[in-house]
There are 2 protein chains.
Amino acid sequence: MKMDERKQKILLAIIKDYISTAEPVGSRTISRKYKLGVSPATIRNEMADLEEMGYIEQPHTSAGRIPSHLGYRYYVDCLMELEQLTEQEEGAIRRGYENKVREVGEVLNRTGRMLSQLTNYTALVQTPYLGQSSYKHIQLVLMGPAQAILIVVMDTGAVHHQMMPVPENITQQDLYQISGVLNAKLQGRTMDSIRLTLIKEIYFELAKHRNILDLALELIQDRITSVSEDKIYLEGVFNILNQPEFHNIEKVKVLLSLLEQEDTLRDILETPRDSQGITIKIGSENPRKEMQNCSMITATYQVGDKILGTIGVLGPTRMDYARVVTVIDCMSRNLSRTLERLLKGQV
Amino acid sequence: MKMDERKQKILLAIIKDYISTAEPVGSRTISRKYKLGVSPATIRNEMADLEEMGYIEQPHTSAGRIPSHLGYRYYVDCLMELEQLTEQEEGAIRRGYENKVREVGEVLNRTGRMLSQLTNYTALVQTPYLGQSSYKHIQLVLMGPAQAILIVVMDTGAVHHQMMPVPENITQQDLYQISGVLNAKLQGRTMDSIRLTLIKEIYFELAKHRNILDLALELIQDRITSVSEDKIYLEGVFNILNQPEFHNIEKVKVLLSLLEQEDTLRDILETPRDSQGITIKIGSENPRKEMQNCSMITATYQVGDKILGTIGVLGPTRMDYARVVTVIDCMSRNLSRTLERLLKGQV
DNA sequence: TGTTAGCACTCTAAGTTGATGAGTGCTAAT
DNA sequence: ATTAGCACTCATCAACTTAGAGTGCTAACA
């Protein structure tokens, strides 16, 4: 069977209507609302064909049709016309990013908030991969009789800190000295590039503080590096309560318990290696079967031509693909640009 | 009418049963399950009395009774026997606090998580009031051509940081010099005690960097101080989905939209000035009328004899008061102890 | 005088029935 | 190829019925 233009128009009408009403769409509705110039009976014939081809299905005999996963797939691949953002919205996004950007974490936060607000779905934002970022400043500050705080500033503007025990008798002067050496040796180095020779150099210069150094270097390498890496922010989770397909509490609970696990988030954000730009996963294309009735739209963001991470929007399969794609595209561009500015010439 | 012992027993039975089943309790059930040695008919008479006294009410004519707010109040004030935590649970709490405590924020986080897990309700944790904490270390680090990062370490172990613009031509050396002066003047000072004379002294020593100083001091005073103050962590919000009284999505949405506003959280955590220890607010005793069907149990935590903040558990009026009171009491003690250790001799 | 059995009564929850209407597929006419 | 017409299916809703849980009252009992 061939997919002629009229079939396309009918499929498009069904999908658009179902996206906005969440109700099965009948032949009469289509003929009335989307003037195709043919009678309901004709449309019924075409719909029977579309169903046979797998693009739509019937919840039960006397109901209208709803799009199948295949139908949505055909829609996003061939039929969808992207929506234009209003001046207002685009302005809001731009302002959201221009407004006193100070730190990577803050930028990601705002991205999530805007994404979920603009789409009314759940937003996911992955922290950027910054393995190539380098140490900018390291400082040890004495906090108590045997306690110090280790502060590490990365060139990305990220600041990590961590309490650590120190010997009883150590003074702030000692710590300044240690900080000085660490700074001299590590400043400008990337996380991945600290090698044994370098550490030996440090030991050599600070032989008598060996035990502090051991701990400090361990913390710098293991803990501090790993803390911020590959976290995923969730925003607007409650928006799913507004979707009619989630008026059943049990379904909400299933989805929420999935979203509570970081692994799941990582899995569903995952995109095929070669995918540039935007990826759409519909229903059963998602890695978890509990998400059959959800779709996920993701986009990568980058600085230069290095992809740093992914942002995504999670909604029901019946989500407004056209709008979400436009929004997420705009957001990922803005995010990339802002990060570029923030990390200017530093990554 | 007098509240004799039998009435008390019956009221207690009604409340216990309703708390565990969420169903109205009939006279037959009581006589069967809670062997009081009297027939349902007798119990019916007593229940009629209890209803007249306002302790219980009938959802409709042919249903059993449920406790009224007054009934719950009488229960928590006079009838409730506190539950004992199991060895296991108490151990888990203790271990939760002992395990590598490094920072105030982390402690609060864990507190929230444990509270919500142990009770299966929603936990609220207010950040401690640390207005009396003092500056331990201040550092400016050059990040880009005209950008620096300001790092402030408080004696509580809290670390704040903030990007700030600086003049194009400034060097890291200049910034070190400024940091040095700021440290010398501000170290050991409390946030509240920075006075004009002090600032003049700083200006005097660093006349040529006046514009940087203006910004830095402003950030230190306004932004950094206010950021972490009086935030309220929410944990286990989704637990409300497990309560049968919230099987209606609309009710969930109303409650969630309340909990999204920080003011609300502050209001419902608020406790009367003189209240030492644990406060229980039942239904309409809550400040928001949308929370008529919720109860809130709060406890303060302190270091020394200074109250620093409040933790709380939010559940339906039908919540398990005995257990929650025990848990929250244990948690607040542990939290106080841990903070004491963490801020040892520093506040 | 307090307790209890018995009974009529009330009200909800759950099930049944029937009407309505949206929607379909098929057929025959255009 | 298109469409009008028609018989048919099925969900939804309202009206009605039923079963059962629970009550209040009364009269009998200890």
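All chains are named by letter (A, B, ...) in the order of the sequence lines, taking the proteins before the strands, and each is independently numbered beginning at 1. No hydrogens, no waters, no symmetry mates; every other heavy atom, side chains included, goes into these values.
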A:Thr317 side chain vs A:Ile282 backbone, donor-acceptor pair below 3.5 Å: no
Distance, rounded to the nearest Å, where [X] contributes [atom1] and [N] contributes [atom2]:
X       : N      : atom1 : atom2 : value
A:Arg28 : C:dG25 : CZ    : C1'   : 17 Å
B:His60 : C:dC9  : NE2   : P     : 20 Å
B:Glu52 : D:dT23 : CD    : C1'   : 16 Å
B:Ile43 : C:dT3  : CD1   : P     : 11 Å
B:Arg65 : D:dG22 : CZ    : P     : 12 Å
B:Leu36 : C:dT3  : CG    : P     : 12 Å
A:Leu50 : C:dT24 : CG    : P     : 12 Å
B:Met47 : D:dG22 : CE    : C1'   : 9 Å

Quick one: is [X] getting a side-chain N or O under 4.0 Å of the [N] phosphate, OP1 or OP2?
X       : N      : answer
B:Arg6  : C:dT3  : yes
B:Ser62 : D:dA21 : no
A:Thr61 : D:dT9  : no

Result of checking B:Val76, B:Val313, B:Thr326 against B:Tyr321 for side-chain contact (heavy atoms from CB on, under 4.5 Å): B:Val76
Residue met sooner reading DNA chain C from 5', once B:Pro40 and A:Thr29 are mapped to nucleotides: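 Result of the comparison: B:Pro40.
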Listed nucleotide nearest any side-chain atom of B:Ala41, set D:dA4, C:dT24, C:dA5: C:dA5
Considering only heavy atoms from C-beta outward, does the side chain of [X] approach that of [Y] to under 4.5 Å?
X        : Y        : value
B:Arg323 : B:Thr119 : no
A:Gln8   : A:Leu79  : yes
A:Met296 : A:Ile280 : no

Sugar-phosphate only, base, or nothing, as touched by B:Thr42 at under 4.0 Å among non-hydrogen atoms: base
